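Side chains are part of it too, since the values below use all heavy atoms of this structure and drop only hydrogens, waters and symmetry mates. Computed from a predicted structure; not experimentally measured. Order of appearance sets the numbers: ligands from 1, and atoms from 1 within every ligand.
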Amino acid sequence: MAEVFVVGSINQDFVLKVERRPEPGETVTDAVLSTHHGGKGSNQAAAAARLGAAVIMLGRVGEDEFGEPQFVNLRDQGVDTSLIERLEGWKTGSAFITVTPDGENVITVAPGANRGLSDEDIEAAADAIAEAEILVAQMEVSPETVAKAIEVAARVGTRVLVNLAPPFEVGRAFLAKLDPLVVNEHEAAFLLGEKVKGVEGALSAAPRLLELGPRSAVVTLGAEGAVFAEGDSSGHLPAPLAKVVDTTGAGDAFVGALAVRLAQGAPLEEAVAYAARAGAAAVTREGAQGSLPTHAEIEAM
Ligand code: RIB
């Protein structure tokens with residue numbers, strides 16, 4: 001029985017390490033290409049499994065050369081792939097990621113088969129959702145499918161964590177089922193319609209995110225850790241100092257770790273502190289899944 005049920009994207013990541021990003025109309029050469037297994041859903045599932053949780057993932061890949069290796073990878077990571085299927089006529093989701101020497105990344109995603117996951121697929125997985133302690137979703141499958149997943153989770157009494165990445169307009173009924181809503185500064189700004197920057201900005205934003213409906217909210221701040229809000233309490237949990245190599249997937253390491261600690265019954269504040277350390281550990285290595293930390297590595301941070 002899985003403790004963590006992840007519904008989300010599975011991507012083939014193409015990562016370009018380059019001195020600087022091209023300006024519009026410009027060509028920049030001397031980049032170094034590497035390929036990795038990715039997708040926010042897959043990364044978060046792998047992150048939770050790396051920490052010892054029993055994880056099952058619901059997702060879709062295409063019938064191209066990138067689909068089959070995703071199964072092998074997720075199984076190797078310890079994720080139950082019995083709810084993942086290949087979709088005829090679709091391409092596997094792909095992400096084109098540019099990483100500059102400061103470790104920062106920009107990502108363009110072609111969702112492909114991730115958008116082929118349907119409401120019927122969610123309904124068919126209702127028993128597995130009911131068995132899990134927590135359902136984890138992001139926004140790289142269609143928003144309607146995420147809405148269906150959280151509706152099913154609410155019906156069967158399973159806690160829901162949604163990482164609203166990339167951000168979409170979602171209604172109060174959607175947000176009201178989340179415990180927690182997890183966003184970064186950009187996503188928080190999108191929801192609130194105003195700039196959110198740094199610890200002070202997040203401390204002011206988090207309680208206002210609660211006013212939009214979620215039972216709890218977490219704003220991730222990269223190197224500065226994260227801020228949480230729940231009921232009348234809120235606070236900032238710093239991240240330990242880390243040498244930044246590649247920030248890709250750090251948010252997914254954070255969400256995977258947060259989900260595991262919540263599934264184990266930890267209070268939100270304690271789970272966020274643990275997740276902030278997981279995120280910091282993840283920036284010290286390249287790639288999204290190649291950088292996911294173990295529990296021992298998080299403890300050593
Ligand atoms: O969060 C990082 C992920 O975003 C990458 O693995 C890429 O696939 C995109 O989905």
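Counting only N and O atoms by type, the side chains of Asp252 and Gln44 include a donor and acceptor under 3.5 Å apart.
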Could you pull out every donor-acceptor pair under 3.5 Å between side chains of residues 32-39 and any protein atom, sequence neighbours left out?
unit_1: Ser34; atom_1: OG; unit_2: His36; atom_2: NE2; d: 3.0
unit_1: His37; atom_1: ND1; unit_2: Gln70; atom_2: OE1; d: 3.4

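If you check which protein heavy atom lies closest to atom 2 (C) of ligand 1, you get Asp252 OD2, 3.3 Å. Of the protein's heavy atoms, Asp13 OD2, 2.6 Å lies nearest to atom 6 (O) of ligand 1. The protein atom (non-hydrogen) at minimum distance from atom 3 (C) of ligand 1 is Asn43 ND2, 3.6 Å. Protein heavy atom nearest atom 4 (O) of ligand 1, with residue, atom name and distance: Lys40 NZ, 3.1 Å.
Here the straight-line distance linking atom OG1 of Thr220 with atom CD of Glu187 works out to 6.5 Å at 0.5 Å rounding.
Residue-ligand proximity: Gly39 is placed with a non-hydrogen atom under 4.0 Å from ligand 1.
Heavy-atom contacts of Gly38 reach the following atoms of ligand 1: 6 (O), 8 (O) (cutoff under 4.0 Å). Those atoms of ligand 1 with a heavy atom of Ala288 less than 4.0 angstrom away are 6 (O). In the vicinity of Ala95, heavy-atom distances shorter than 4.0 Å reach the ligand 1 atoms 7 (C), 8 (O).
Between Glu269 and Arg261, none of the side-chain N atoms (NZ, or NE/NH1/NH2) sits under 4.0 Å from a carboxylate O, so this pair counts as no salt bridge. A salt bridge is absent between Glu185 and Lys195; no separation between the charged side-chain nitrogens and carboxylate oxygens falls under 4.0 Å.
When every heavy atom of Ala257 is checked against every heavy atom of Ala275, the shortest pair comes out as CB-CA, 3.9 Å.
Contact annotation for Glu140 and ligand 1: only side-chain heavy atoms (C-beta onward) come within less than 4.0 Å of the ligand.
Through direct or indirect side-chain contacts shorter than 4.5 Å among Ile, Leu, Val, Met, Phe, Trp and Tyr, Val6 is connected to Val4, Ile10, Val55, Met57, Val61, Phe71, Leu74, Val79, Ile84, Ile134, Val136, Leu161, Val182, Val218, Phe228, Leu237, Phe254, Val255, Leu258, Leu262, Leu268, Val272.
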